[in-house]
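Worksheet: one structure, shown below.
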Protein chains: 2
Amino acid sequence: MDYRTGKRIVAETARRTENRYGNRPTMKDVAARAGVGLKTVSRVVNGEPGVTPDTERRVQEAIDALGFRRNDSARVLRKGRTASIGLVLEDLADPFYGPLSRAVEEVARAHGALLINGSSAEDPDREQELVLALCARRVDGLVVIPAGDDHRYLEPEIKAGVATVFVDRPAGQIDADVVLSDSFGGARDGVAHLIAHGHRRIGFIGDMPRIHTAAERLRGYRAAMADAGIPVEDTWMSLGVTDPQRVRKAAEDMLAGPSPVTAIFAGNNRVTVTVVRVLAEHSRSVALVGFDDIELADLLQPGVTVVAQDAAQLGRTAAERLFRQLDGTLVLPERIELPTRLITRGSGELPPAD
Amino acid sequence: MDYRTGKRIVAETARRTENRYGNRPTMKDVAARAGVGLKTVSRVVNGEPGVTPDTERRVQEAIDALGFRRNDSARVLRKGRTASIGLVLEDLADPFYGPLSRAVEEVARAHGALLINGSSAEDPDREQELVLALCARRVDGLVVIPAGDDHRYLEPEIKAGVATVFVDRPAGQIDADVVLSDSFGGARDGVAHLIAHGHRRIGFIGDMPRIHTAAERLRGYRAAMADAGIPVEDTWMSLGVTDPQRVRKAAEDMLAGPSPVTAIFAGNNRVTVTVVRVLAEHSRSVALVGFDDIELADLLQPGVTVVAQDAAQLGRTAAERLFRQLDGTLVLPERIELPTRLITRGSGELPPAD
DNA sequence: CCCGCAGCTGACAACGTTGTCCAGGCTCTA
DNA sequence: TAGAGCCTGGACAACGTTGTCAGCTGCGGG
């Protein structure tokens with residue numbers, strides 16, 4: 001069975017149809033074996049009161065003998081809540097999302113919920129497909145790191161009671177809870193830091209501006225430059241490049257042109273890593289500040305100065321808000337912005353080498 | 001509702017009981033609105049044949065108007081398969097597991113299944129709790145990175161038809177599919193590499209030997225030393241330390257004693273990172289080979305030589321085996337061992353500095 | 001003109017669980 | 001000892017969906 005089409009997958013049909021759940025025992029089976037009623041088994045399984053120790057023992061023996069395990073699918077159907085939440089992010093393999101995901105999981109666990117997650121791979125259609133699949137599973141809530149910029153498709157779901165919190169980027173076209181890092185302020189401070197160290201020709205390499213964080217960081221870059229009265233040249237900016245090869249090319253171009261940059265601001269962790277590589281091969285010393293912290297940044301020569309955001313805190317905050325929505329403690333959607341932190345390690349403090 | 005106790009969480013009861021699923025429309029509602037039978041709606045929703053275009057249009061309109069979305073919980077109950085698989089690992093935030101998890105997800109997606117995951121935090125009880133919760137949800141299959149060493153609790157589940165594959169470490173006490181990296185061979189080669197570069201006093205820092213990979217790597221270390229006819233001194237080995245502070249202490253002790261080591265073999269990515277930090281502060285040059293690749297290892301001075309394992313490949317292999325179990329293509333449990341790869345970058349080629 | 005057939009459609013049971021409600025037996029008190 | 005009240009246990013419906021099957025319509029052919 002495919003969660004998208006609803007069609008069965010051919011190969012599995014043959015083996016499985018005659019063997020539903022591998023013929024798992026049900027409460028009925030347990031009841032028959034223990035010689036009690038169905039509901040009595042239910043009571044024992046759920047630790048409800050009103051069962052004599054003797055009866056309970058008989059039921060428990062039957063449960064153990066048959067290897068019975070309650071079917072939570074049926075339970076969910078009956079009770080209405082699934083005790084699970086969905087997390088849709090861009091890519092679990094990205095070191096930024098690991099801690100975020102784990103933080104969400106911990107909060108979910110504290111509330112007795114399981115976590116279902118999916119990677120959108122930065123594809124809006126895939127995001128929607130995943131989100132709707134999770135809604136069809138009737139997750140109690142959703143934590144979404146948006147790939148797309150139009151989330152009206154979620155309106156009926158939210159209206160129907162699916163708690164929803166967006167993280168890292170705001171929702172598009174709908175009013176919903178959102179937890180962000182202060183990308184604008186962080187980038188502005190990072191670039192201002194470079195300016196304070198004497199740089200005027202500063203390059204910016206970031207992701208596609210349709211991604212909110214990328215746009216905000218670009219805005220921060222422009223704001224810092226404007227504040228310092230430095231006109232920005234087009235050749236200093238590279239937008240929408242994200243794969244290593246193109247980042248490399250972009251960086252090399254900035255360092256080569258007629259007015260080469262003396263410093264680079266890297267818009268996210270992946271860009272930073274590639275730029276570090278390029279600079280390591282470069283003869284002239286070039287300053288660097290990156291958005292997002294990266295592991296081992298302190299051990300490089302020079303250490304990499306970064307604008308750090310706390311991924312775990314983002315996840316934790318979002319998940320806590322989600323459960324407060326579910327509690328009914330929360331009513332109005334809100335936008336929460338977490339501060340970033342500039343960590344100086346050397347690369348951002350290099351003077352311009354003209 | 002708590003997936004462990006089955007008890008409702010008090011705070012949510014009040015708000016939710018009168019508002020099941022937020023009163024989502026059901027097929028019955030759609031049928032009423034479209035003026036057709038229940039089953040006809042089901043047919044339209046599932047794209048089954050035998051519906052006039054006109055009827056289909058009416059139903060579709062009703063669906064859109066009501067914002068209906070099929071309840072997959074009910075569907076699952078009826079059909080028997082959930083189109084979801086569970087992944088239990090140690091810690092999603094660990095950079096080793098991100099790519100692994102993502103790889104499992106991609107394979108699941110290709111088979112139309114969703115991924116539910118949980119972190120055991122290296123706690124056997126928590127692993128069992130998670131696994132059984134997933135079984136109660138009737139996941140079709142499980143990919144487990146074991147924390148415990150006794151998995152007999154899974155026997156009834158496997159017998160009942162839950163496909164199961166263990167990754168990174170073998171299952172305990174039961175016969176099941178397992179996909180591993182060649183920890184023994186990798187560690188032996190890594191240590192032999194150090195020996196080949198003239199080292200004789202080589203330290204080993206690894207995790208608790210009750211963790212299979214840690215034990216295997218230790219065995220590899222001992223084998224390489226034995227092959228070279230080098231007797232190992234107890235002070236050269238540090239087992240069961242994993243938090244940075246204690247790794248630091250262990251490394252410093254090895255470098256300080258009466259017969260200080262001239263090289264260190266680090267048993268996993270986290271140990272490697274800490275050892276790199278210690279060595280960076282150390283006056284004498286000390287060689288290092290680490291198990292697991294780490295990002296930016298090539299940019300450090302010197303680059304860090306590692307025994308790399310392919311986390312994504314581990315996940316992919318395991319997931320593919322899982323679905324082959326589900327297809328019925330697979331019958332007998334097997335143990336698959338993936339090779340490791342020595343990547344020389346400098347730190348492992350340093351000569352001994354006595 | 002009637003029969004058969006095909007194509008649509010819907011009534012109904014079933015999936016495994018939980019909530020409601022009632023029956024029967026027990027204890028305790030007046 | 002009768003009546004009230006409590007404790008235990010079970011019958012039954014319901015959750016929302018899908019599979020089965022039977023009924024209905026309209027059409028073509030005998």
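Below, chain A is the first sequence line, B the second, and so on; all start at residue 1. For the numbers below, each heavy atom of this structure counts, side chains included, while hydrogens, waters and symmetry mates do not. Since the structure is predicted, the reported quantities are computational estimates derived from the model, not experimental observations.
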- Between B:Lys39 (NZ) and C:dA14 (C1'), how many Å, whole number? 12 Å

- Is there a donor and acceptor pair closer than 3.5 Å between the side chain of B:Arg43 and the base of C:dG10? yes

- How are the rings of B:His111 and B:Phe323 set to each other: parallel, tilted or perpendicular (split at 30° and 60°)? parallel

- Item | Separation of atom NZ in A:Lys28 from atom P in D:dA11, rounded to whole Å | 12 Å

- Task: Rounded off to whole Å, could you give me the CG-to-P distance for the B:Leu77 and D:dG19 pair?
- Result: 13 Å

- Message: Below the 4.0 Å mark, does D:dT18 have OP1 or OP2 next to a side-chain nitrogen or oxygen of B:Asn46?
- Response: yes

Would you be so kind as to tabulate the donor-acceptor pairs closer than 3.5 Å made by side chains of residues 29-40 of chain A, with sequence neighbours excluded?
| unit_1 | atom_1 | unit_2 | atom_2 | d |
| --- | --- | --- | --- | --- |
| A:Asp29 | OD2 | A:Thr26 | N | 2.8 |

- Query: With a non-hydrogen cut-off below 4.0 angstrom, is B:Gly50 in contact with a base, only sugar-phosphate, or nothing?
  - Reply: base

- Query: Between D:dC15 atom C1' and B:Asn71 atom CG, what is the distance in whole Å?
  - Reply: 9 Å

- Establish, with yes or no, whether the OP1 or OP2 oxygen of D:dT17 is under 4.0 angstrom from a side-chain nitrogen or oxygen of B:Ser42. no

- Item | d(CG, A:Leu38; P, D:dA13) in whole Å | 14 Å

- Are B:Glu105 and B:Arg109 ion-paired here, with the side-chain N under 4.0 Å from a carboxylate O? no

- Item | Step-by-step side-chain hydrogen bond (donor to acceptor under 3.5 Å, both in side chains) determination, A:Asp140 to A:Thr82 | CA-CA 6 Å; A:Asp140 297 336; A:Thr82 57; 3.3 Å; yes

- Can a side chain N or O of A:Thr52 be found less than 4.0 Å away from OP1 or OP2 on D:dT8? no

- Query: For A:Pro25 and B:Glu56, take the nucleotide of DNA chain C holding the closest heavy atom to each; which residue's nucleotide lies nearer the 5' end?
  - Reply: B:Glu56

- Only one of B:Arg335, B:Arg324, B:Arg321 forms a side-chain hydrogen bond (donor to acceptor under 3.5 Å, both in side chains) with B:Asp177, so which one is it? B:Arg321

- Message: Between B:Thr55 and C:dT9, is there a contact of a side-chain N or O with OP1 or OP2 at under 4.0 Å?
- Response: yes

- Using atom CG of A:Asp54 as one end and atom P of D:dT8 as the other, report the distance to the nearest whole Å. 12 Å

- Query: At under 4.0 Å, does any side-chain N or O of A:Lys79 touch on OP1 or OP2 of C:dG19?
  - Reply: yes

- Message: How many whole angstroms separate atom CZ of A:Arg58 from atom C1' of D:dT8?
- Response: 12 Å

- Message: Between P on C:dT18 and CZ on A:Arg75, what's the gap in Å once rounded to a whole number?
- Response: 5 Å

- Note on the structure: Among D:dG9, D:dG16, D:dG19, the one nearest any side-chain atom of B:Thr26 is D:dG16

